[in-house]
Amino acid sequence: MLTVLDPGPLTTVQDGGRIGYAHLGVPPSGALDLPALALANRLVANPEDAAGLETTLGGVTLRAERHLTLAVTGATADVWIGDRAVSRNAPLHLAPGEILRVGPATAGVRNYIAVRGGIDVPPVLGSRSTDLLSGLGPPPLRAGDRLPVGTAVTGWPCVDLAPCQECADGPVRLRLRLGPAEDWLTPDAITTLTSVPFTLTPASNRVAARLDGPVLAWKRDQQPLSEGLVTGSVQVPPAGHPLVFLADHPTTGGYPHVGVVHPDDLPTLAQARPGAIVQFQLSG
């Protein structure tokens, strides 16, 4: 059992996602930076998609209620057990009553905390993930919450430290495959989309990365029919500022979907901070 002493601005339970229910209007949800969650789980010998915690910018403080093994990955942040500074990307052992504190992210946005055995909250439609759009899964953590720890393990931790590249503050380059509604934009707008940098706005969240920059003009007057969305879809609303849908995205949308970002680039986008430069690059 883990007790939440301070959840920070936003900490949620996330796993590999709620896959296969889009036809029921259920978003996939799951960790925005899946490789970081998978690494945290590997460090404590969990299945890669076991449920852990995702923090946003401000960190989290937890108390172990029994002997536990944890790992913290993702954004650059200081980590302490009690008053002792410890490493990210490494197995950490807590005795009963010891406190784990993850500080605010100084590069990147989101940290992932895996506990050996996984966070064992009840699954909903096959996933323990918090879905902020539809309200499925456990609500965001609050001070005083007690999190059960499960038994989903695959062995014993076999490394002391995983060498990882730190989150960078440089431009975020997103490979973009155009379609299915690219013909709703003018040719000039398509050229602008794929050649001019955009800026990530503070309105970005788990639903979408919202971008500011040059206005992308439609060449049709009417609005398209609503149609299905996938994670990574790039939508252009009437105001002309594109957004990239992330894990808690709606399952349909009524504005032109002009392309889809390569899934391998989405974790980098999820770790980008407001103000980051975002550049789309055409990909076949």
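Quantities reported herein were computed from a predicted structural model and do not represent experimental measurements. In this chain, numbering begins with 1 at the start of the sequence shown.
Shown here is Arg220, whose CZ atom has more than 12 heavy atoms of other residues, nucleotides or ligands within 6.0 Å. For Asp83, the CG atom sits in a loose shell: 12 or fewer heavy atoms of surrounding residues, nucleotides or ligands are nearer than 6.0 Å. Shown here is Leu24, whose CG atom has more than 12 heavy atoms of other residues, nucleotides or ligands within 6.0 Å.
The line from OG1 of Thr11 to CG of Asn111 is 9.5 Å long, rounded to the nearest 0.5 Å. The CG atom of Leu174 lies 12.5 Å from the OG1 atom of Thr194; values are rounded to the nearest 0.5 Å. Rounding to the nearest 0.5 Å gives a distance of 10.5 Å between CD1 of Ile113 and CD of Glu54. The distance from the CZ atom of Arg116 to the NE2 atom of His93 is 9.5 Å, given to the nearest 0.5 Å. Between Leu243 atom CG and Ser233 atom OG the span is 9.5 Å, to the nearest 0.5 Å. For the atom pair Leu200 CG and Asp212 CG, the distance stands at 10.0 Å (nearest 0.5 Å).
Taking 4.5 Å as the limit, some side-chain heavy atom of Asp188 sits within range of a side-chain heavy atom of Thr186. For the pair Arg173 and Asp265, the minimum side-chain heavy-atom distance is 4.5 Å or more. Counting only heavy atoms from C-beta outward, the side chains of Pro242 and Leu216 approach each other to under 4.5 Å. Between Pro27 and Ser134, some side-chain heavy-atom pair lies under the 4.5 Å cut-off. Inter-residue side-chain proximity for Val4 and Leu62 is flagged as met; some heavy-atom pair is nearer than 4.5 Å. Between Leu246 and Ser204 there is no side-chain heavy-atom pair separated by less than 4.5 Å. Side chains of Phe280 and Val261 form a contact here, defined as non-hydrogen atoms less than 4.5 Å apart. Between Glu65 and Pro96 there is no side-chain heavy-atom pair separated by less than 4.5 Å.
Side chain of Arg63 to backbone of Thr3: no donor-acceptor contact under 3.5 angstrom is found. Side-chain N or O atoms of Arg88 include one that pairs as donor or acceptor with a backbone N or O of Ala75 at under 3.5 Å. Judged purely by atom type and a 3.5 angstrom limit, Asn41 uses its side chain to pair as donor or acceptor with the backbone of Ala50. Looking only at distances, a side-chain donor or acceptor of Thr73 sits under 3.5 Å from a matching main-chain atom of Ala36. Remark: the backbone N or O of Ala208 is paired with a side-chain donor or acceptor of Asn205 at under 3.5 angstrom. When atom types are taken as modelled, the side chain of Gln271 and the backbone of Arg110 share a donor-acceptor pair closer than 3.5 angstrom. Although no hydrogens or angles enter the test, the distance criterion places a donor-acceptor pair under 3.5 Å between the side chain of Asn46 and the main chain of Gly117. The main-chain N or O of Thr252 is never found under 3.5 Å from a side-chain atom of Ser226 such that the two would form a donor-acceptor pair. Judged purely by atom type and a 3.5 angstrom limit, Thr154 uses its side chain to pair as donor or acceptor with the backbone of Ala45. Of the possible donor and acceptor atoms, one in the side chain of Arg206 sits under 3.5 Å from a partner among the backbone N and O of Gly30.
Side chains of Thr12 and Gln14: a donor on one and an acceptor on the other come within 3.5 Å. With no hydrogens or angles considered, a side-chain donor-acceptor pair links Asp15 and Ser129 at under 3.5 Å.
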**Message:** Please determine whether side-chain contact (heavy atoms from CB on, under 4.5 Å) holds for the pair Arg177 and His262, giving the CA-CA distance in whole Å, both sets of side-chain angles, and the decisive distance to 0.1 Å.
**Reply:** CA-CA 7 Å; Arg177 186 166 189 173; His262 195 292; over 6 Å; no
**Prompt:** Going through the distances and angles, do Thr201 and His241 end up as a side-chain contact (heavy atoms from CB on, under 4.5 Å)?
**Reply:** CA-CA 11 Å; Thr201 76; His241 295 133; over 6 Å; no
**Asked** So Leu211 and Thr199, side-chain contact (heavy atoms from CB on, under 4.5 Å) or not? Walk me through it.
**Response** CA-CA 5 Å; Leu211 305 177; Thr199 302; over 6 Å; no
**Request:** Determine, stepwise, if the pair Asp120 / Arg128 fulfils salt bridge (charged side-chain N to carboxylate O under 4.0 Å, His left out).
**Result:** CA-CA 8 Å; Asp120 195 24; Arg128 296 178 168 86; 3.1 Å; yes
**Request:** Start with the C-alpha distance between Leu53 and Leu147, add both sets of side-chain angles, then the distance that settles side-chain contact (heavy atoms from CB on, under 4.5 Å), and finish with yes or no.
**Result:** CA-CA 10 Å; Leu53 302 181; Leu147 300 172; 3.9 Å; yes
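Of all the heavy atoms in Gln235 and Pro237, the pair that sits closest is O-CD, 3.5 Å.
The aromatic rings of Tyr255 and Trp218 lie tilted to each other, with the angle between the two planes from 30° to 60°. Taking the six-membered ring for Trp and thresholds of 30 and 60 degrees, His23 and Tyr21 have nearly parallel ring planes, at less than 30 degrees apart.
Between Asp78 and Arg101, no side-chain nitrogen of the basic residue sits less than 4.0 Å from a carboxylate oxygen of the acidic one, so the salt-bridge criterion is not met.
Checked against Val115 for a side-chain contact (heavy atoms from CB on, under 4.5 Å), the options Thr69, Leu68, Leu100 give a single hit: Leu68.
No path of Ile, Leu, Val, Met, Phe, Trp and Tyr side chains, each step under 4.5 Å between heavy atoms, connects Leu70 with Leu37, placing them in separate hydrophobic clusters.
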